[in-house]
Amino acid sequence: MSYRGMLNTTDTGAAEMRDAQDGDSFDGAVMSHEHPNVSGIGIKACRQNCQKGMLSSCKCQIMHREKSGGELNDSPVEEKAESDVELTNEISAPYEVPQFPIEQIEKKLQIQRHLNERQTSGSRSLAASTMTCSHRESSSSNEDRDTMTYSGQLDADINFQRVSISGEDTSGVPLEDLERASTLLIEALRLRSRYMAMSDQSFPSTTARFLKTVRLKDRYDNVPAKEVPELHTRPSEMRLTNPWLLDFPDDKKYLIKPINGVFHIFEDEASAFPLQFEYPDMNQFVNDMQVMCNMIADGPLKSFCYRRLCYLSSKYQMHVLLNELRELAAQKAVPHRDFYNTRKVDTHIHAASCMNQKHLLRFIKKTLKNNANEVVTLTNGQPMTLAQVFQSMNLTTYDLTVDMLDVHADRNTFHRFDKFNSKYNPIGESRLREVFLKTDNYLNGKYFAQIIKEVAFDLEESKYQNAELRLSIYGKSPDEWKKLAKWAIDNEVYSSNIRWLIQIPRLFDIFKSNKMMKSFQEILNNIFLPLFEATARPSEHEELHRFLQYVIGFDSVDDESKPENPLFDNDVPRPEEWTYEDNPPYAYYIYYMYANMTVLNKFRQQRGMNTFVLRPHCGEAGPVQHLVCGYLMAENISHGLLLRKVPVLQYLYYLTQIGIAMSPLSNNSLFLNYHRNPLPEYLARGLIISLSTDDPLQFHFTKEPLMEEYSIAAQVWKLSSCDMCELARNSVIMSGFPHTIKQQWLGPTYFEDGIMGNDITRTNVPEIRVAYRYETLLDELSNIFKVNTTTTQHIDHH
């Protein structure tokens with residue numbers, strides 16, 4: 001197309017669009033008319049006057065195509081005419097009675113004039129205006145403005161069909177609603193920015209730059225927004241000779257003790273005050289939670305976010321219609337690379353079920369054949385060999401089948417998390433789970449280590465598939481960490497394709513009912529105190545110090561649909577006071593995990609060690625307040641199904657680019673039928689989505705469960721090769737693999753915005769798709785921030 005696919009939608013209606021297209025167009029461009037003062041003159045006559053240069057007579061705008069560098073530009077005459085336009089008190093027609101008090105009209109017109117002045121002072125290139133931010137950021141520094149403009153120009157150079165909305169008001173809502181929504185959304189963005197900065201987790205640099213332009217006088221003014229987190233720049237190398245080699249910092253005699261459930265570090269026993277590591281206290285968290293919960297229930301804001309999400313879906317459909325063939329051609333032009341040999345990470349998978357059922361069956365048969373006389377467990381104080389365990393069940397290797405294992409989820413597990421948990425027991429026997437799928441048993445996890453290493457070998461053989469396996473720490477005893485680290489090192493459970501997350505089940509009520517502990521503080525002591533001790537005195541906890549270099553973060557797991565009181569106030573008991581039989585709510589668990597992890601990260605960073613992130617199960621079922629916790633405190637989440645019911649949170653997850661690891665096959669067996677899964681909708685709107693397997697033992701059949709997940713999604717939702725490669729790229733970006741490894745997989749500048757962060761020869765994601773995603777995000781952020789920044793300027797000026 002000669003006009004580079006610039007599709008301008010206007011407020012003048014379909015008839016005027018047809019009228020404009022019937023006449024003489026300028027080099028095929030679709031013309032956009034805006035007629036604030038046209039009353040008796042017709043559209044066609046108006047256009048003729050414009051073509052003759054009589055712009056002052058009707059005060060309308062016509063988009064001219066000037067052949068200067070192939071860009072769409074307005075003529076100088078039109079620029080002057082635009083600056084001469086004065087808005088009147090007329091709402092639509094001169095005879096219409098005003099619906100609002102004169103003060104509201106004057107305020108609206110005042111805001112609109114500021115918007116007009118900013119638009120006329122900006123660049124007149126419409127194509128570049130969707131990428132550059134000079135007319136959206138009033139108080140940004142020259143460096144920030146130059147950076148965003150340069151990045152926008154690079155994206156503008158990508159040749160594809162763009163969809164833009166012209167006109168003074170492109171949001172589709174009244175100005176008052178836009179102003180109010182802008183204020184609330186910016187407050188929510190600043191909240192997450194602050195929580196991420198405190199805990200050393202990542203926050204998108206694009207959104208951070210926009211936040212720096214806001215000059216709101218509130219309690220967060222002194223918190224800097226981190227553009228590229230230090231997490232991305234810390235050196236970490238792959239050690240192919242001995243993966244457990246590691247430097248040991250000097251031991252320090254720090255005193256570590258909890259205060260109100262959060263561990264504090266003192267220089268020594270004589271110190272009266274702890275080291276100043278900032279974290280949000282419980283009162284602040286409760287207040288922030290209430291702010292966010294009020295926000296997601298706000299009617300006008302819900303409507304605004306819903307409309308923006310619908311717009312993003314429609315815009316993506318238009319983008320696919322116009323550019324699908326171009327994207328495919330770009331992929332075909334790349335030698336060697338295709339979907340099969342792009343790096344992909346299974347961002348949500350549990351170690352105890354990382355093998356498929358056939359693999360587990362073969363392993364059990366092989367072990368029973370080769371190690372029949374090995375003592376594997378104690379029953380009533382009596383040692384039992386593996387052969388005796390199977391004899392007590394009247395089974396032989398010949399009898400064992402996949403059906404007899406009964407580990408696969410079926411129709412009976414739908415909305416029955418208890419039945420799903422029982423599927424972890426092969427043949428319904430908890431003894432077999434203890435023997436084969438536990439790290440802490442009579443054999444110190446020998447068989448579990450062997451089967452994990454077989455899974456790792458399959459991943460290494462495939463070369464391009466990687467996994468982030470979840471290992472459990474229950475918080476039952478203080479030596480769990482020591483045993484887990486010893487299991488990994490003694491059995492050499494290491495692979496360059498695997499990293500570990502530590503999942504913490506929310507089981508305090510069970511421990512309490514079994515008289516295993518008195519208060520919730522004991523769980524926190526057992527989970528976090530060994531980590532602080534290993535950070536302070538690594539040589540005393542040598543194995544744990546070595547193991548932690550491959551641990552990337554924490555996960556919180558359990559049935560989210562359990563009944564609970566999702567909200568609590570400042571009077572909630574502190575952990576040492578929580579001695580009830582009831583389980584604390586989800587938010588209580590997540591807060592104390594986040595707060596202790598925040599202090600631990602600051603401590604480890606000071607000691608030159610790797611830090612951790614929080615990536616809980618969130619939004620699979622249960623109250624939507626779980627997603628508020630994830631928004632405030634988690635770098636990424638798993639599942640996120642309930643976002644489809646909360647447009648405000650879904651829009652915020654988009655603006656902050658929070659990674660969501662989705663497992664449609666898992667959801668299909670437990671909570672949501674496959675065809676109702678919101679993954680394709682999330683992907684279309686631009687949320688950072690990755691595909692993951694969750695539990696291959698329960699949900700998958702093949703040797704490559706991650707590829708099985710991709711193939712079923714591609715078939716059911718008709719995903720293109722570009723969609724699949726985008727999902728794979730997202731999975732690597734949101735994963736916890738080290739910075740240097742991500743550079744090898746995605747390109748040396750993968751953390752940059754827009755096409756600067758994409759290397760198609762490694763990711764196979766066309767730059768058209770990356771540029772579209774970046775430009776769309778810039779448009780949404782600009783739509784929010786331009787009103788708020790302008791309003792703030794006006795208030796400050798007066």
Side-chain angles (χ1 to χ4, degrees), residues 350-408 418-455 469-493 502-503 505 507 510-511 513-517 526 543 547 557 695 697-698:
H350 301 275
S353 56
C354 65
M355 70 300 293
N356 62 68
Q357 54 183 345
K358 186 63 176 177
H359 186 174
L360 179 61
L361 177 66
R362 282 200 313 267
F363 181 81
I364 291 175
K365 283 187 172 185
K366 178 180 68 176
T367 307
L368 185 56
K369 180 179 178 180
N370 299 331
N371 304 86
N373 297 321
E374 188 169 23
V375 177
V376 295
T377 186
L378 292 175
T379 303
N380 298 324
Q382 296 298 317
M384 290 185 70
T385 65
L386 190 59
Q388 290 172 334
V389 169
F390 277 88
Q391 285 170 7
S392 68
M393 295 184 290
N394 296 319
L395 289 175
T396 65
T397 55
Y398 183 77
D399 298 324
L400 289 175
T401 64
V402 162
D403 295 330
M404 183 171 288
L405 275 185
D406 192 27
V407 293
H408 220 259
D418 55 335
K419 288 191 174 184
F420 167 72
N421 277 335
S422 68
K423 293 291 182 180
Y424 275 93
N425 299 325
I427 322 179
E429 286 282 341
S430 59
R431 282 185 300 175
L432 291 185
R433 179 180 182 179
E434 181 188 343
V435 170
F436 288 102
L437 300 177
K438 292 285 187 180
T439 60
D440 179 19
N441 54 24
Y442 187 85
L443 293 175
N444 296 318
K446 173 184 172 183
Y447 294 157
F448 188 42
Q450 289 176 2
I451 196 168
I452 290 286
K453 289 164 77 172
E454 290 181 9
V455 171
L469 300 181
R470 269 79 171 162
L471 293 170
S472 294
I473 291 288
Y474 293 91
K476 291 187 294 186
S477 65
D479 61 351
E480 281 184 87
W481 278 105
K482 181 180 179 180
K483 291 179 179 178
L484 182 63
K486 183 176 176 58
W487 166 81
I489 294 174
D490 289 353
N491 294 288
E492 296 183 353
V493 186
I502 302 302
Q503 64 180 23
L507 299 176
I510 296 175
F511 300 153
S513 62
N514 291 330
K515 311 296 184 192
M516 297 174 64
M517 54 187 57
N526 295 336
E543 290 170 329
F547 174 68
V557 299
D695 297 286
L697 182 64
Q698 277 82 25

Can you confirm whether K365 is buried at NZ, in the sense that more than 12 heavy atoms of other residues, nucleotides or ligands lie under 6.0 Å from that atom? yes
Close side-chain approach of I502 and L484, heavy atoms under 4.5 Å: yes
Describe, in one word, how the ring planes of W487 and F448 are oriented to each other, choosing from parallel (under 30°), tilted (30 to 60°) and perpendicular (over 60°). parallel
Does I489 have any side-chain contact (heavy atoms from CB on, under 4.5 Å) partners at least two apart in sequence or in another chain, and if so, which? W244, E543, R546
Given side chains that start at C-beta, do those of V455 and H359 come closer than 4.5 Å, heavy atoms only? yes
List in chain and number order the residues that pass side-chain contact (heavy atoms from CB on, under 4.5 Å) with V557, two or more places apart in sequence or in another chain; answer none if no residue qualifies. H350, Q503, P505, D555, H617
Over all heavy atoms of both residues, which pair between S353 and Q698 is shortest? Give the atoms and the distance, please. CB-OE1, 3.5 Å
Heavy atoms, side chains only, cut-off 4.5 Å: are I452 and L469 in contact? yes
Which heavy atom of V376 sits nearest a heavy atom of Y442, and at what distance? O-CB, 3.2 Å
How long is the gap from SG on C354 to CZ on R470, to the nearest 0.5 Å? 12.0 Å
Shortest non-hydrogen pair, N526 vs W481, comes out as O-CD1, 3.7 Å
How are the rings of Y447 and F363 set to each other: parallel, tilted or perpendicular (split at 30° and 60°)? perpendicular
Are T385 and Q391 close enough that some pair of their side-chain heavy atoms sits under 4.5 Å apart? no
For K446, enumerate each residue passing the side-chain hydrogen bond (donor to acceptor under 3.5 Å, both in side chains) test, keeping only those at least two apart in sequence or located in another chain. E374
Non-hydrogen side-chain atoms of M355 and L697 separated by less than 4.5 Å: yes
Closest non-hydrogen atoms of P383 and V375, given as atom of the first, atom of the second and distance, are CB-CG1, 3.7 Å
Got Y474 and D440 here, is their nearest side-chain heavy-atom distance under 4.5 Å? no
Heavy atoms from other residues, nucleotides or ligands near NZ of K486 exceed 12 (cutoff 6.0 Å): no
Heavy-atom closest pair (G445 atom, N491 atom, distance to 0.1 Å) is O-ND2, 4.5 Å
So does E434 get a backbone contact from the side chain of N441, meaning a donor-acceptor N/O pair under 3.5 Å? yes
Dump the intermediate steps for side chain to side chain contact (heavy atoms under 4.5 Å, CB included) on L432 and M393, then the final yes or no. CA-CA 11 Å; L432 291 185; M393 295 184 290; 3.8 Å; yes
Indicate yes or no: at least one non-hydrogen side-chain atom of T439 is less than 4.5 angstrom from one of K483. no
CD1 (I451) and CD1 (I364) are apart, to the nearest 0.5 Å, by 7.5 Å
Could you walk me through whether L360 and Q357 pass the side chain to side chain contact (heavy atoms under 4.5 Å, CB included) test, one step at a time? CA-CA 5 Å; L360 179 61; Q357 54 183 345; 5.7 Å; no
Taking N356 for its side chain and K358 for its backbone only, find out whether a donor-acceptor pair lies under 3.5 Å. yes
Looking only at heavy atoms, what is the nearest atom pair of S392 and R431, with distance? OG-NH2, 3.1 Å
Side chain to side chain, N444 and D490, heavy atoms closer than 4.5 Å: no
Distance check, rounded to the nearest 0.5 Å: T367 atom OG1 versus Q450 atom CD? 6.0 Å
Could you check whether R362 pairs with E454 (Lys NZ or Arg NE/NH1/NH2 to Asp/Glu carboxylate O, under 4.0 Å)? no
